[in-house]
There are 2 protein chains.
Amino acid sequence: MTNIRDLAKMAGVSVTTVSRVLNNHPYVKEEKRKAVLDAIKQSNYQPNINAVHLSMGKTFLVGVMVPSIDHPYFASLIKGISHEALTHNYNLVLFQTNYKEERELDALQMLKQKQIDALIICSRASSWPLIEEFLPYGPIVLCEDTRGKKVSSTFVDHYQTFIYALEYLIQNGHRKVGYSIGRKTGTNSKFREMAYKDFLKKNHLPFDPAYVFDNCLYFEDGERVVDTIASMDDPPSALLVTNDDVAAGIVTCARNRQISIPNDLALIGFNNQPIAKIMDITTIEIPLVEIGRKLFLQGIAENQEISYQEIPVRLIKRGTI
Amino acid sequence: MTNIRDLAKMAGVSVTTVSRVLNNHPYVKEEKRKAVLDAIKQSNYQPNINAVHLSMGKTFLVGVMVPSIDHPYFASLIKGISHEALTHNYNLVLFQTNYKEERELDALQMLKQKQIDALIICSRASSWPLIEEFLPYGPIVLCEDTRGKKVSSTFVDHYQTFIYALEYLIQNGHRKVGYSIGRKTGTNSKFREMAYKDFLKKNHLPFDPAYVFDNCLYFEDGERVVDTIASMDDPPSALLVTNDDVAAGIVTCARNRQISIPNDLALIGFNNQPIAKIMDITTIEIPLVEIGRKLFLQGIAENQEISYQEIPVRLIKRGTI
DNA sequence: TTGTAGGCGTTATCAG
DNA sequence: CTGATAACGCCTACAA
């Protein structure tokens, strides 16, 4: 493997000059630049990335914390992050946490140890104070509303979005409205819960905990929702489903049980995943890939200023309401 | 940031000794080992990963080539790879290729440039001769039958599996059998095509290209299949669907069009994804996560011997046949 | 069992 | 504009 010193010899210049042309620095006489370029060609030189990293004190690695890689929501986020990482010559370290605090700590620790240059937290189980402890050690970026906190984030205003969707349901005559959620804890879920309760209060509707379906992440979770609803004396007439996969599961299982959608049960999904289109599910579009991109950019931002990027969403009207 | 030299000073030993205890090498007096360990605790020392990499001439990075991160098949593979990488202190570099040869070349190039220690090719568009060119530069591992070639692989015998599934269909009285596939090119697809044609020949059945549905990757692709079948004069009575997501899409759309499954159309899916269970789809179980694990292990195997790991599969009987 | 010293390949500083 | 040279932090012959 030929190195920068070999190149210097071949081109009859110093290593400094070689480094300069390699990094497109100014102040190199065209003549010498040519010589170096030639040497590079002839030797088919490849820089040693490890040496570069050591010298720069950076790893060009960005950590990505997700509970699970194979959930469509996170897969889309990763897709966006991955795409942007590529164009910036960064690589990703995926931390699959399953919401185990222990695994989340691993990721945080790697930031502290400078083994990654930044950490993107797509979703977390750890408490905010814990995260906060690691802020001094490197850029941390979240995918939740962090306004008021000293961390950058790209997020959707889930409170407003939920209110908006709920209003839409009530305008369509629904008064018994519930929702399903991936997990009840978590910042985004808390905002949604708040919105739900505020909405009920404002419309003088009672809060029935049975109308909130927890642990709804995958298509197959739709079955549980339908089973439960089918067995209820006073079931909801409409549901906000925070994930199109689950909505699709509900649509599918409802059919089996002769529950008519939207007549017996209206649905609004979230994310506008491809499955929502094919199954004609009304949904709130969330540009996950774009969010992933922005998260990455915030993570490697040179000026380490804190920024909050709110991403707008929109309702896509289809056949489930 | 305290480094190995600082530790040496603190513990009153040489850097070599520190390095030795850090790497659990033998020949260190218990006394000194203690001293070093103490120094590490007090200084909360963290090794500089870049220096380690430079010194060892390794990156501890393994490349993973997939056409798309957010397809359940590849997501499962990645899950397995990622899990194993974690326990071996490796990180992953994801190459999302969309089957663009150009992107695939990027990955190969990174191997050549030693920017990754090994490359796992989950699926490819590039020709074998191209891949072969890069064999000398580092370990490449494939997820397809490479017996006879000088590369390691973990794979399913798709030929035998297809034959097996087809026999099962014919035993159940089907004579008009088709299949859907992600893409027609690709090693695994070729084996399946061979199996299909051999099967037809053996059973004196005609080959009808209209019975082969290309480009079936996602749930939504099931719609196209159903539409096509609905419009055929002489449609197949059974289908092998090489992906449970697509099978689920077919089941869903068939319902809309009053096509009864399995009466009008029988299905055997592949992979045994969760959606297959919930939708009661008969399927061939393929342990993708386990395959991912093995791929990784082959990639970092110390003795660079070539190994071929065939993974057994099994039929899971459910309601679509 | 221990330590010295050289090397890994770049980048950055600073004097010319 | 150019070039010595000193980091960067760790590993490992080799010598003792």
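Letters go in sequence order (proteins before strands), and every chain restarts at 1.
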Under-4.0 Å side-chain N/O to phosphate OP1/OP2 contact, [X] with [N]:
X       : N      : result
A/Lys58 : D/dC8  : no
A/Asn23 : C/dT11 : yes
B/Tyr27 : D/dA16 : no
A/Ser19 : C/dT10 : no
A/Asn3  : C/dC8  : no
A/Ser14 : D/dA4  : no

Would you indicate which nucleotide in [options] comes nearest to any side-chain atom of [X]?
X       : options              : value
A/Asn48 : C/dG3, D/dT2, C/dG9  : C/dG9
A/Ile4  : C/dT11, C/dG3, D/dG3 : C/dT11
A/Lys29 : C/dT4, C/dA12, D/dC1 : D/dC1

Practice task
Spell out yes or no: do the side chain of A/Ser55 and the base of D/dA7 have one donor N/O and one acceptor N/O closer than 3.5 Å?
Solution key: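 Flag unset: no donor-acceptor pair detected.
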Exercise for the section: Please state whether the base of C/dT4 and the side chain of B/Thr16 form at least one donor-acceptor pair under 3.5 Å? Expected result: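 Donor-acceptor pair under 3.5 Å: yes.
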Side-chain donor-acceptor contact under 3.5 Å, [X] with [Y]:
X        : Y        : result
A/Ser123 : A/Tyr99  : yes
B/Lys149 : B/Tyr308 : no
A/Gln298 : A/Thr154 : yes
B/Ser76  : A/Asp70  : no

Interatomic distance, [X] [atom1] vs [N] [atom2] [rounded to whole Å]:
X       : N      : atom1 : atom2 : value
B/Arg5  : D/dC10 : CZ    : P     : 8 Å
B/Arg33 : C/dG3  : CZ    : P     : 13 Å
A/His53 : C/dT10 : NE2   : P     : 12 Å
A/Asn50 : D/dG9  : CG    : P     : 15 Å
A/Gln46 : C/dT10 : CD    : P     : 10 Å
A/His25 : D/dG3  : NE2   : P     : 16 Å
B/Met56 : C/dG7  : CE    : C1'   : 15 Å
B/Leu54 : D/dA7  : CG    : P     : 17 Å

Practice task
Could you go through the side-chain contact (heavy atoms from CB on, under 4.5 Å) check for B/Arg124 and B/Thr187 one step at a time?
Solution key: CA-CA 9 Å; B/Arg124 65 185 165 100; B/Thr187 312; 3.1 Å; yes
Exercise for the section: Using a heavy-atom cut-off of under 4.0 Å over every strand shown, decide if B/Val18 touches base, sugar-phosphate, or nothing. Expected result: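 Counting heavy atoms under 4.0 Å across all strands, no contact is made by B/Val18.
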Exercise for the section: Would you classify B/Pro47 as touching base, sugar-phosphate or nothing, given that sugar-phosphate means primed atoms plus P, OP1 and OP2, and contacts are heavy atoms under 4.0 Å? Expected result: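 Sugar-phosphate, backbone atoms only, no base.
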Problem - Upstream residue (5' side of DNA chain D) when A/Val28 and B/Ala51 are each assigned their closest nucleotide - result: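 It is A/Val28, whose closest nucleotide lies nearer the 5' terminus.
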Exercise for the section: Can you label the angle between the B/Tyr90 ring and the B/Phe296 ring as parallel, tilted or perpendicular, going by 30° and 60°? Expected result: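 Answer is perpendicular, since the angle exceeds 60°.
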